[in-house]
Amino acid sequence: MSWFLAETMEVWYLLFIIFSFCQQTIKTNVIGTLNMLGLAKRVGARILLTSTSEVYGDPLVHPQDETYWGNVNPIGVRSCYDEGKRVAETLMFDYHRQHGIEIRIARIFNTYGPRMNIDDGRVVSNFIAQAIRDEPLTVQLPGTQTRSFCYVSDMVDGLIRLMEGENTGPINIGNPGEFTMLELAETVKEMINPEVKIITVENTPDDPRQRKPDITKAKELLGWEPKVKLRDGLPLMEDDFRKRIGIPRK
Ligand code: UDP
């Protein structure tokens, strides 16, 4: 009985943690955006929403352009983020139409680079940290899911151009170079630690199966396209991670 209670309490505690993270995520996206829009209205500022490719959910259109409305599960474990950002975009356009606020919306695709939180759980930071620490690279199943990774300096350049230009967006900012997670793991292994193992682990529900930005709009309206290829960006991130983890190259 006490075992049952302990187990049950553990489950409830975990659910509580997940639920509170989700509540914080949705509160930040909805109440945070409302607060910032109120401030922008009061002081007459131009405001940028860093939205996300997650608004496309598990996309049925590939690559994704900005006219696609997405395929999002509204009650899933990821929906606090996906739907939160979708509501944030709605709020931006409502304030723009009703109060004439100057808005800019970027839909950011997966971004990586130096100074990223080492243990934040995202795939590029996980694989690089694991390769440096000689730990197996954890490919979440099935491993055939794809992402397109944009180096941070390209992302910042795109955001500045959007903010300084005349278009509200939404505009996709991302690198169209698309990789499966198995390909990413193989690349990290080859470039950082050829001895490291690659293992498969369980995934979370509703993981998008494919993701790649159509950046026609960014090219035409912002004169922007990414310059840094994945194979050039990974070593720059590796240098930074090695310094912070404290394991130099052999
Ligand atoms: N992923 C993985 N191993 C990890 C972390 C993530 O294979 O250690 C996969 C995850 O299942 C997803 C992809 O990498 O398919 C990108 O995950 P991430 O959390 O970096 O970004 P997002 O899912 O938000 O695009």
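No hydrogens, no waters, no symmetry mates; every other heavy atom, side chains included, goes into these values. As the structure lists them, so they are numbered: ligands from 1, and atoms in each ligand from 1.
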Quiz item: Taking distance alone, with no angle check, do Val123 and ligand 1 share an N/O pair under 3.5 Å?
Solution: yes

Self-check item: Sub-4.0 Å atoms of ligand 1 with respect to non-hydrogen atoms of Glu54
Solution: 22 (P), 24 (O), 25 (O)

Self-check item: Proximal atoms of ligand 1 relative to Asn126 (non-hydrogen, under 4.0 Å)
Solution: 4 (C), 5 (C), 8 (O)

Quiz item: Looking at atom 16 (C) of ligand 1, what's its closest protein heavy atom, distance included?
Solution: Arg147 NE, 3.6 Å

Self-check item: Option with minimal heavy-atom separation from atom 4 (C) of ligand 1, where the choices are Val124, Leu184, Thr138
Solution: Thr138

Quiz item: Where does Gln145 meet ligand 1, judged by heavy-atom distances below 4.0 Å: at the side chain, the backbone, both, or neither?
Solution: side chain

Exercise. Go through ligand 1 atom by atom and flag the ones less than 4.0 Å from a non-hydrogen atom of Asn110.
Key: 21 (O), 22 (P), 25 (O)

Quiz item: atom 23 (O) of ligand 1: which protein heavy atom is closest, and how many Å away?
Solution: Arg78 NH2, 3.0 Å

Quiz item: Tell me, which protein residue and heavy-atom name are nearest atom 13 (C) of ligand 1, and how many Å apart are they?
Solution: Met181 SD, 3.7 Å

Exercise. Assess whether side-chain contact (heavy atoms from CB on, under 4.5 Å) is satisfied between Glu178 and Arg211, documenting all intermediate values.
Key: CA-CA 8 Å; Glu178 185 185 10; Arg211 187 182 290 156; over 6 Å; no

Exercise. Give, for atom CG of Leu159 and atom CD1 of Ile171, the distance between the pair rounded to the nearest 0.5 Å.
Key: 10.5 Å

Quiz item: Any donor-acceptor pair under 3.5 Å linking the side chain of Asn175 with the backbone of Cys150?
Solution: no

Quiz item: If you measure from OG1 on Thr187 to CG on Leu234, what distance do you get to the nearest 0.5 Å?
Solution: 7.5 Å

Quiz item: Which residue owns the protein heavy atom closest to atom 15 (O) of ligand 1, what's the atom, and how far is it?
Solution: Asp207 OD2, 2.6 Å

Quiz item: Which residue supplies the protein heavy atom nearest to atom 11 (O) of ligand 1, what is that atom called, and how far is it?
Solution: Gln140 OE1, 2.7 Å

Quiz item: Can you find an N/O atom of Arg211 closer than 3.5 Å to an N/O atom of ligand 1?
Solution: yes

Practice problem: Just jot down the ligand 1 atoms closer than 4.0 angstrom to any heavy atom of Asn203, in number order. | Solution: 11 (O)

Quiz item: Short list, please: which atoms of ligand 1 are under 4.0 Å from a heavy atom of Val139?
Solution: 7 (O)

Self-check item: Sub-4.0 Å atoms of ligand 1 with respect to non-hydrogen atoms of Gly121
Solution: 5 (C)

